[in-house]
There are 2 protein chains.
Amino acid sequence: MKSVNSDLAYDYIRKRILNGKLAPGQSLTTKTLSVEIGVSRTPVRDALRQLEADGLVTIQTHLGARVRKVDLKEFREMCLLRLALESFAAGLAAMNRTEEDLREISDALDAMRGLTELIVTTPMDKEGPVLEELRREDVRFHIAIMTAAKNDLMKTEILRLHLINRVVSTPVPETEASVNRKAVDARRRGVLAEHAQIYAAIAKGESTTARDAMAKHIQDIIDNTVRVLASSKSGRLSRPLTEEELSYVP
Amino acid sequence: MKSVNSDLAYDYIRKRILNGKLAPGQSLTTKTLSVEIGVSRTPVRDALRQLEADGLVTIQTHLGARVRKVDLKEFREMCLLRLALESFAAGLAAMNRTEEDLREISDALDAMRGLTELIVTTPMDKEGPVLEELRREDVRFHIAIMTAAKNDLMKTEILRLHLINRVVSTPVPETEASVNRKAVDARRRGVLAEHAQIYAAIAKGESTTARDAMAKHIQDIIDNTVRVLASSKSGRLSRPLTEEELSYVP
DNA sequence: CTTGCCCAATGTGTATACAATGGTATGTCG
DNA sequence: CGACATACCATTGTATACACATTGGGCAAG
């Protein structure tokens, strides 16, 4: 954003937060970070302010910065915000999508379809990479829709919410099989079916159908997340993100 | 937020932007502001970053900060964002409102009703204060609904958008009667009718009705704004805000 | 007269030194 | 022994000094 050092600090801290090296609630002292990064405290302060605007850290006067830690109330509110925006965006996408947008959405959907089928025949201990790829295509699907909505502000805002959500409390990838294989597979097929409905509505240009389908989809995601979070008693909800995921906000 | 000086600078610059003393596009040099406020450049820089996060200024590396100036594309996108959020919030309000929330909404509605009728019998050169009060009750109505929605994040976000909208391009209060009195009165009655519909839906707990009514309402506001903006050829779209309005973001 | 470059002036970005404040540990008194 | 007051310390907030990027104007060449 500004010059080299501010960006340096920003990227450094952001990555550390996003890949879990800095846990939610952990305090970030400017001095420590500045020597770690090799710059002075000033650009570090700037970076922290920026990250605060992103919603990744909180700053209190004279008490310093901490990695943001959202409570259940905030979490619910964020989910609802995401629901509002992303469903609306789906409605827009149905109206504004180009053929190219449609192809991109379709591609992501097809890829997910293939991967979902593939997983069924994959031994559980070898499915890690496939899951990773599935996640990636899932994100690609949602991003493709936001792009098709032709509203950059909305897209940016939604991506911001996605990112906070992922860092702050994540669905604990289904590898932690607190539920059995059959249920997980069923859920995956459910997601796929919802995606297909959303795609169909967007393809046909049915705005309200697309909106409602997306709303239902995200509501399901939220329900599932909450359920998983409730079952995992660990207070620590964050999960490291891959390099790829880290850069999915513009 | 932080300490005294940063807040000082933040409040000072923010007010100057919001009441129109600093026009959109105008450049903000840290040195000038710092001597004006009587602090050093550091807190000024901090304030500018904060204002950038609020969406009121833009900062470019080595080029400094300018009061934000949105083009038509951004303006449309912001309006749509507001539409998405505020209509959703109306739907939430229909589900979550308490009796007290309802009373507050109703009060604002009644006040607007009275003022709208009053205006008809007020000579055009004396209606200024009444218009001001009408605006205030209008804002109060919308805020009351956001409050009833019981989602602080959403409320904050909507208020942020409201504020940017007002500063950056405002409906040029109908005093600039580019249209005749009858049309303006008709529009006022239309707004009132829409508010009444929204209130009724919220009172009855009809979520989707409330949402759709709010969506229509805001769409009308946008349409009207765009029409007024189009008719006024002046490139300068900002309007000073009153002290009261300045502080309507928490 | 136009066009290109160079250079100075303006202003930002960064570092460092200093002031102010909150937290903590220690000591004293009830 | 416990509670409160106080003094110290760590860390943030602020100011200032310096380095460097951008911009605009002047000067020279075509």
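All values below come from the heavy atoms of this structure, side chains included, with hydrogens, waters and symmetry mates left out. Reminder, nothing fancy here: chain letters follow the sequence lines and each chain counts from 1. Note that the coordinates shown come from a computational prediction; the quantities given were computed from them, not determined experimentally.
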For [X] and [N], give me the distance from atom [atom1] to atom [atom2], rounded to whole Å.
X: A:Arg66; N: D:dT11; atom1: CZ; atom2: P; result: 12 Å
X: A:His62; N: C:dA19; atom1: NE2; atom2: P; result: 15 Å
X: A:Arg41; N: D:dT11; atom1: CZ; atom2: P; result: 10 Å
X: A:Leu28; N: D:dG13; atom1: CG; atom2: P; result: 13 Å
X: B:Lys31; N: D:dC18; atom1: NZ; atom2: P; result: 14 Å
X: B:Asn5; N: D:dT12; atom1: CG; atom2: P; result: 18 Å
X: A:Leu63; N: C:dA20; atom1: CG; atom2: C1'; result: 13 Å
X: A:Arg45; N: D:dA15; atom1: CZ; atom2: C1'; result: 12 Å

What nucleic acid atoms does [X] come within less than 4.0 Å of, heavy atoms only: base, sugar-phosphate, or nothing?
X: B:Thr29; result: sugar-phosphate
X: A:Leu48; result: nothing
X: B:Leu33; result: nothing

Checking side-chain contact (heavy atoms from CB on, under 4.5 Å) for the pair B:Ile221/B:Arg82: CA distance, chi angles, key distance, verdict? CA-CA 11 Å; B:Ile221 293 175; B:Arg82 187 186 153 194; 4.2 Å; yes

Pairwise distance CG(B:Asp107) to CG(B:Leu102) - rounded to 0.5 angstrom: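 Answer rounded to 0.5 Å: 10.0 Å.
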
Just checking [X]: does its [atom1] atom have more than 12 heavy atoms from other residues, nucleotides or ligands closer to it than 6.0 angstrom?
X: B:Gln26; atom1: CD; answer: yes
X: A:Arg76; atom1: CZ; answer: no
X: B:Arg140; atom1: CZ; answer: yes

When you measure from the side-chain N and O atoms of B:Ser40 to the phosphate of D:dA15, is any distance below 4.0 Å, counting only OP1 and OP2?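 Yes, because at least one side-chain N or O of B:Ser40 sits under 4.0 Å from OP1 or OP2 of D:dA15.
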
Tell me whether the OP1 or OP2 atom of D:dT14 has a side-chain N or O from B:Ser6 closer than 4.0 Å.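 Answer is yes, contact under 4.0 Å.
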
Which is more 5' along DNA chain C, the nucleotide nearest B:Thr42 or the one nearest B:Thr32? Just name the residue.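 That would be B:Thr32.
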
